[in-house]
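The structure appears right after this line, and notes come after that.
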Amino acid sequence: MDKTTTNKIFIGVSWPYASGKIHLGHLAGQNIACDVFARYHRLRGNRVLMVSGSDSHGTPILFKAEELGIPPEQLVEESHKNILSTFDKLSLLYENYTSTTTENHKKVVQNIFLVLKERGYLYTQKSKQYYDEKVNKYLPDRYVRGICPKCGAVNARGDECPECGEFLSPEDLLSPFSTLSDTKPVLKETEHFYLDLKKLEPKIKEWVEDSSGVWRKWVREFSKGWIKEGLRPREVTRDMKFGIPVPVEGWEDKVIYVWIEAVVGYLSASIEWANIIGKPSEWEEFWKDPKCKHYYFIAGGNTPFHTIIWPAELLAYSEKYSDNTLWEKYKLPGETLKENLNLPYNIPSNKMLLNKGKKMSKGDGNSMDVDSLLEKYNSDLIRFFFVRYAPENHDREFEWKDLIDCNNNELVANIGNFINRTLSFLNSKFENTVPNGVLDNNVKNAIDNTLKNIGENINNCEFVKSTDELLRFGDFCNKYFNDKAPWISYKEDIKECENTLYNSIQLVNALRILIKPFLPISSIEITKLLNIQNEYDPNIELKEIGEVKNFENKWSFETVQPNTKLNPPEILFEKILES
RNA sequence: CGCGGGGUAGAGCAGUGGCAGCUCGUCAGGCUCAUAACCUGAAGGUCGUUGGUUCGAAUCCAACCCCCGCAACCA
């Protein structure tokens, strides 16, 4: 708590695919935890750059748009708007949430592509791929179906047989057909660029060995397992028009594959942010200062892209800085410093949220969208629930009962109850005015320790643990009130009663501060109830003017002064009756 | 033998050789300012299975079973 230096924190959040709405998996996976993390660090007085955006290219979008009979650009724009509106309802605050459709992003992606190519990490190779002659398109693996060569199932996909679970190549399928036209596709020769991960393997292996100590166990083991199997070259271009053109002569008909494009978004969104705030080189503060720690909030199968492939790209790209010709030729927008780009520090990836035993994802039609949840429940509850019940180390089944229990037993009965009993008591017995008193030592200690512990938990990306700590503090508050029994001292020793309520209101104020990263709206409600005015809050500033200007530590406790006149008490969290 | 994670009370999880624990829920009693908390007590577990090492195993070893994710456009 004594630390006053300002640290720099970069937060990259997995880019949701712009083909529909945000679903519960996104929340359980990364979109709530990242915001808790960012809000905490801003409060702590640290400089935070949190970026993400809508992943707006790729075949699935193209096909879905065709299915809907609208241009892909329209689908992408509508999805992007939907995502922004859902994020806003959930109080998710980014320094920059953008999209892969921007001119800036295109420039950065092509720049990276060309540098990797010049450094010899990209090579071309010819291959045969299924082509649907009726709709004139090359087919991604999963759009080719046929008979499984292993078990004989009739509707096996080109990537996997859903019956026997065998992993396939489209060419393996017997009697293949295109899911787009039901016609028989033909194998056609095509040529693509490949990223030579093999060449980068030793560097990546060394980096993972050295830096994975702070990662979650499953993230570390999963990544090491991937490397152990051997990295294979990966296609980085596609036969399509929809996307970012390959910036090489003769390749005008092809685009850069979305997986490579989307991770570059972390960098391009940072550059875009620097432009938005009018300091085009400011992104370098976060990307080139080795003291700036990079965190990536993602989930499940996205993990190796962030623990292996994106770091590989960064390592390879950074060779530009020791090559004068490339440095002169391929400067990024606003780039002034000849320093390597920062690699990830921690990747607090979550496991999967399951629905009826299976993972929720758009692809499988097994998802629930967040908007319908927001119609029923308040956003702070949803935020808290997805932190408290996050699948940090194991997959987890989504249960309605858990959501209701979380609300009724934790927000209502623990935190809400204490605030309510204190404010009601002051309202009915003390004319809603804070009495005089002296801060008890154990109250002060509890507040200090909780600030410290929750701060450490969040900083270590142990979010479930941080909510344990918060609820333990709620227990302490309730127990304090109970043990002091002001309803008795009110009749027998009014001074003692005043002192208890003085301390209780300090605990309410402590709760108000402690819940800021988790329950921002409720925290503001309490600020109103306590009649606290003109308090600086970096998260509110970011929301209102789009930028944080002040870097002082607000993750600290200040007392509510005696004689403060409070506003009439209100219920913060409504109990949910079983339906 | 593809890679990895997991299996401990109704639910969620701690627990790396020494009496099986924590949180929530359930039941009974006390108390009551509160959408209720707090206190006291209770019920509830062959620690996935089998075998081994050991004075002693949830923990170490071996084999096996089950669940989940990944295997390259899926958070």
- Roughly how many Å is it from CZ in A/R472 to P in B/C24, rounded to a whole number? 10 Å
- Task: Kindly write out the residues that satisfy ring-ring contact (aromatic ring centres under 6.0 Å, His included) with A/H80, not counting sequence neighbours, or none if the list is empty.
- Result: A/Y97
- Query: Any ion pair linking A/R388 and A/D402 (charged N to carboxylate O, less than 4.0 Å)?
  - Reply: no
- Starting at CG of A/L411 and ending at C1' of B/A36, how long is that distance when rounded to a whole Å? 15 Å
- Within this structure, what is the CZ-to-C1' distance between A/R216 and B/A75, rounded to whole angstrom? 14 Å
- Query: Reckon A/G29 touches a base, only the sugar-phosphate, or nothing at all at heavy-atom distances under 4.0 Å?
  - Reply: base
- Message: Using OP1 and OP2 only, check whether a side-chain N or O of A/K351 sits under 4.0 Å from B/A75.
- Response: no
- Item | Upstream residue (5' side of RNA chain B) when A/R388 and A/W218 are each assigned their closest nucleotide | A/W218
- Minimum-distance nucleotide to A/V258 side chain [options: B/A36, B/C73, B/C33]: B/C73
- Message: From C-beta outward on A/Y257, which listed nucleotide comes closest to its side chain: B/G5, B/C73, B/U35?
- Response: B/C73
- Nearest-neighbour nucleotide for the A/I309 side chain, B/A37, B/G69, B/A72 considered: B/A72
- Message: Taking ring-ring contact (aromatic ring centres under 6.0 Å, His included) as the criterion, tell me which of A/Y266, A/W15, A/F37 meets it with A/Y296.
- Response: A/Y266
- Item | Touch class at under 4.0 angstrom, heavy-atom based, for A/Y389 against every strand present | nothing
- Query: If you count the non-hydrogen atoms of other residues, nucleotides and ligands that lie under 6.0 Å from NZ in A/K205, is the total more than 12?
  - Reply: no
- Task: Tell me which nucleotide among B/G5, B/A37, B/C70 gets nearest to the side chain of A/N478.
- Result: B/A37
- Query: NA contact type, A/K217, heavy-atom cut-off 4.0 Å: base, sugar-phosphate, or nothing?
  - Reply: sugar-phosphate
- Query: For the pair made of CD in A/Q129 and P in B/A72, what is the distance, rounded to whole Å?
  - Reply: 14 Å
- Out of B/G5, B/C73, B/C3, which nucleotide sits closest to the side chain of A/K228? B/C3
- For A/P486, which contact category applies under a 4.0 Å heavy-atom criterion: base, sugar-phosphate, or nothing? nothing
- Item | Euclidean distance, atom CG of residue A/N407 to atom P of B/G25 [Å, nearest integer] | 13 Å
- Query: Which part of the nucleic acid does A/K479 contact within heavy-atom distance under 4.0 Å: base, sugar-phosphate only, or nothing?
  - Reply: sugar-phosphate
- Task: Take atom C1' in B/G5 and the same atom in B/C13, then report the distance between them in whole Å.
- Result: 16 Å
- Task: Looking at every strand, decide which applies to A/L572 at a 4.0 Å heavy-atom threshold: base, sugar-phosphate, or nothing.
- Result: base
- Any residue meeting ring-ring contact (aromatic ring centres under 6.0 Å, His included) with A/F242, in chain and number order, not counting sequence neighbours: A/H57
- Query: Which part of the nucleic acid, if any, lies within contact of A/R238, taking any heavy atom under 4.0 Å across all strands shown: a base, the sugar-phosphate backbone alone, or nothing?
  - Reply: base
- Item | Base of B/A36 paired with side chain of A/R421 (donor-acceptor, under 3.5 Å) | no
- Query: In chain order, what residues pass the side-chain contact (heavy atoms from CB on, under 4.5 Å) check against A/E462, with sequence neighbours excluded?
  - Reply: A/N457, A/N460, A/K465
- Task: Check RNA chain B for consecutive Watson-Crick or G-U pairs with both distances under 3.5 Å and list the runs of at least three as stems.
- Result: B:2-7 with B:65-70, B:10-13 with B:21-24, B:26-30 with B:38-42, B:48-52 with B:60-64
- side-chain contact (heavy atoms from CB on, under 4.5 Å) filter on A/D196, not counting sequence neighbours, yields A/Y123, A/K198, A/K199
- Task: Assign A/F418 to base, sugar-phosphate, or nothing according to its heavy-atom contacts below 4.0 angstrom with the strands shown.
- Result: nothing
- Would you call A/K401 and A/D405 a salt bridge, using N to O less than 4.0 angstrom? yes
- Query: Of all the choices, B/G5, B/C24, B/A75, which nucleotide is nearest to the side chain of A/D475 once you look at every atom?
  - Reply: B/C24
- Between the base of B/C73 and the side chain of A/Y17, is there any donor-acceptor pair under 3.5 Å? no
- Examine the base of B/C33 for any acceptor or donor lying under 3.5 Å from a partner atom in the side chain of A/N482, and report the outcome as yes or no. yes
- Query: Between B/A34, B/A36, B/A75, which nucleotide gets closest to the side-chain atoms of A/N420?
  - Reply: B/A34
- Query: Below 4.0 angstrom, N of the basic side chain to O of the carboxylate: do A/K64 and A/E67 qualify?
  - Reply: no
- State which of B/A75, B/C24, B/A36 makes the closest approach to the side chain of A/A413. B/A36
- For A/F63 and B/C74, give me the distance from atom CZ to atom P, rounded to whole Å. 12 Å
- Query: So, do A/W207 and A/W310 have ring centers that fall under 6.0 Å from each other?
  - Reply: no
- Message: When you compare the ring of A/W487 with the six-membered ring of B/C33's base, are the centres less than 5.5 Å apart and the planes under 30° from each other?
- Response: yes
- Query: Expressed in whole Å, how much space separates the C1' atoms belonging to B/U8 and B/G44?
  - Reply: 14 Å
- Message: Distance check needed: B/C73 C1' versus A/M240 CE, whole Å only.
- Response: 10 Å
- Task: Choose from B/A36, B/C70, B/C38 the nucleotide whose nearest atom is closest to any side-chain atom of A/W226.
- Result: B/C70
- Item | Upstream residue (5' side of RNA chain B) when A/E221 and A/N409 are each assigned their closest nucleotide | A/E221
- Query: From the list B/C73, B/A34, B/C38, which nucleotide is the closest neighbour of the side chain of A/D483?
  - Reply: B/C38
- Not counting sequence neighbours, which residues clear side-chain contact (heavy atoms from CB on, under 4.5 Å) with A/S91? List them please. A/R39, A/S379, A/R383, A/P520, A/I521
- Item | Short side-chain N/O contact from A/H57 to OP1 or OP2 of B/C73, under 4.0 Å | no
- CH2 of A/W259 versus P of B/A75: gap in Å, rounded? 17 Å
- When rounded to the nearest Å, what value does the distance between C1' atoms of B/G18 and B/U59 take? 11 Å
- Item | Whole-Å P distance, B/C70 and B/U54 | 43 Å
- Item | B/G21 to B/A28 separation - C1' atoms, rounded to the nearest Å | 24 Å
- Expressed as a whole number of Å, how far does the C1' atom of B/C19 sit from that of B/G6? 28 Å
